[in-house]
Protein chains: 2
Amino acid sequence: MTTTYNDKQIQIIESAETLFAEKGFNGTSVRDIAEKANVNLAMISYYFGSKDKLLEALFSYRGEYLKITLENMMGDGTMSSMDKMNTVIDHYIDKVMKQQCFSRIMMREQVLNHTGFTAKLIFEMKKRNQELISRLIHDGQRKGEFRKNIDIPLMMATLIGTANTIVATQHYYREINNLQTLSDEDFQKHMKKKLSQHLKKLFKAILTHEE
Amino acid sequence: MTTTYNDKQIQIIESAETLFAEKGFNGTSVRDIAEKANVNLAMISYYFGSKDKLLEALFSYRGEYLKITLENMMGDGTMSSMDKMNTVIDHYIDKVMKQQCFSRIMMREQVLNHTGFTAKLIFEMKKRNQELISRLIHDGQRKGEFRKNIDIPLMMATLIGTANTIVATQHYYREINNLQTLSDEDFQKHMKKKLSQHLKKLFKAILTHEE
DNA sequence: CACAAAGTTAAACAAATGTTTGATTTAAAC
DNA sequence: GTTTAAATCAAACATTTGTTTAACTTTGTG
């Protein structure tokens, strides 16, 4: 299933990613992409077939990245369920922060298109991630660490929604907190740390506090 | 500042709203809008000048709606700060749920365009809402109801991000919770209630729980 | 070298796009 | 009823769009 792409294809995909994140899929022309990638216009059709297929290629290229890949941690008997959950949170934040362009595209795509290839991919990714978290939570409940009656989809929405909203509106966050003096790198670090603290606190409240 | 629109203009604006929410701004042609609104193509330029200006008109038309308009509640001495905060939460959820199309458009627009008319409007709206909530929180802190060191922008991101993510992916939420049998109306009610409980719980945790 | 496949190109293509035109109809005011 | 402005319309406009063509260069292989 995993397709491999050559250098030129990756150049095109990553140029497209930047532009899609910046101006949206429909707001970006294949000529824009060709120019940014320094390739001839026809190369995009030649390699990917169409603009739509290029988006699909981008999702295949990045898709693996946004999956929570912590299966090996799951069985670890030495970690508490809460520690595991905190690891999942940091893992997710890490991915969103490292792939901000793709996160924006995903955020936009999932609001649109409930059919089609990308919707299907997003849906499966969501489902997969949710199953992992469900297992984690049920383990925690069995051990008495977590309380009962946890609405997992809502919890996921808070994780995904908060992280993506912050990433999407970080210029605003930066201004409101007077962090313009920070270097880009330092600001990213700051934001990541704050986001991590915030979400862990929220999750602790959902998972352990009684009414 | 507040422009009034005649029936035909509103017809166009609301048709555009539906289509923009469904297919995005760039994914919608003015011909699509004209057809949906049952008006001649040229009427859109005639009334609004351009497609971009039509989007601006939509924001002017709906913009007022998404502002949190609870200034009169603020001074109410009989309500606790937590009660006020819960009212703000329900107020926001109510607006997002009632204006799902516009919420989707805003969500998409704020990821894109950090310049331009709509970005400016969103920015001002954000700032205004944040000031209101800041006041509320500082009142609560002064009264000893809320703890210190609350990251308000992060809190706002959780409110906005969670609510909008749920609205944007409600088909998924519905499927995952086996709520397909519910009527649309009942499902909206269900989702609203759950969302309200969830966010109130989160906010209570952020605002009152000590480390 | 010869040959075939893959890569690359400028040009052309048809369709769709946002916008404008100019003629015609409707409505209101005098 | 005449005049004037607003509203409506089909058609045309110039760009931009995604995609294809057909000629070419490059690359690798026997």
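To find a chain, count down the sequence lines: A is the first, B the second, and so on, and within it residues start at 1. Please read these numbers as outputs of a predicted model, since none were measured by experiment. Values below: all heavy atoms of this structure, side chains included; hydrogens, waters and symmetry mates excluded.
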| Looking only at atom types and distance, does a side-chain atom of B/K204 sit under 3.5 Å from a main-chain N or O of A/A205, one as donor and one as acceptor? |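 Absent.
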| message | Give the residues of residues 5-27 of chain A touching DNA chain D, defined as any heavy atom closer than 4.0 Å, sorted by residue number. | response | none
| remark: Here the residues of residues 38-54 of chain B within 4.0 Å heavy-atom distance, strictly under, of DNA chain D are B/N40, B/A42, B/M43, B/Y46, B/Y47
| field | A/R31 CZ to C/dA16 P, straight-line distance once rounded to whole Å | value |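 Going from CZ in A/R31 over to P in C/dA16 covers 16 Å.
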| request: Evaluate the criterion salt bridge (charged side-chain N to carboxylate O under 4.0 Å, His left out) for residue pair B/K84 and B/D139; output intermediate values, then yes/no. | output: CA-CA 11 Å; B/K84 285 180 188 172; B/D139 275 357; 5.1 Å; no
| said: Over 60° means perpendicular and under 30° means parallel, so tell me whether A/F48 and A/Y5 are parallel, tilted or perpendicular. | reply: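 Answer is tilted, since the angle falls between 30° and 60°.
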| query | For the residue pair B/F123 and A/Y172, does the interplanar ring angle fall in the parallel (under 30°), tilted (30 to 60°) or perpendicular (over 60°) class? | reply | perpendicular
| field | Within 6.0 Å of CD in B/E185, more than 12 heavy atoms from elsewhere | value |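 It does not: B/E185 CD has 12 such atoms or fewer within range.
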| task | List the steps, then state whether side chain to side chain contact (heavy atoms under 4.5 Å, CB included) holds for A/M191 with A/R174. | result | CA-CA 9 Å; A/M191 206 169 65; A/R174 193 167 185 165; over 6 Å; no
| task | Examine the side chains of B/S196 and B/K192 and answer whether a donor and an acceptor come within less than 3.5 Å of each other. | result | no
| message | What I want to find out is whether B/K98 reaches B/D94 closely enough, with some N-O distance under 4.0 Å, to be called a salt bridge. | response | yes
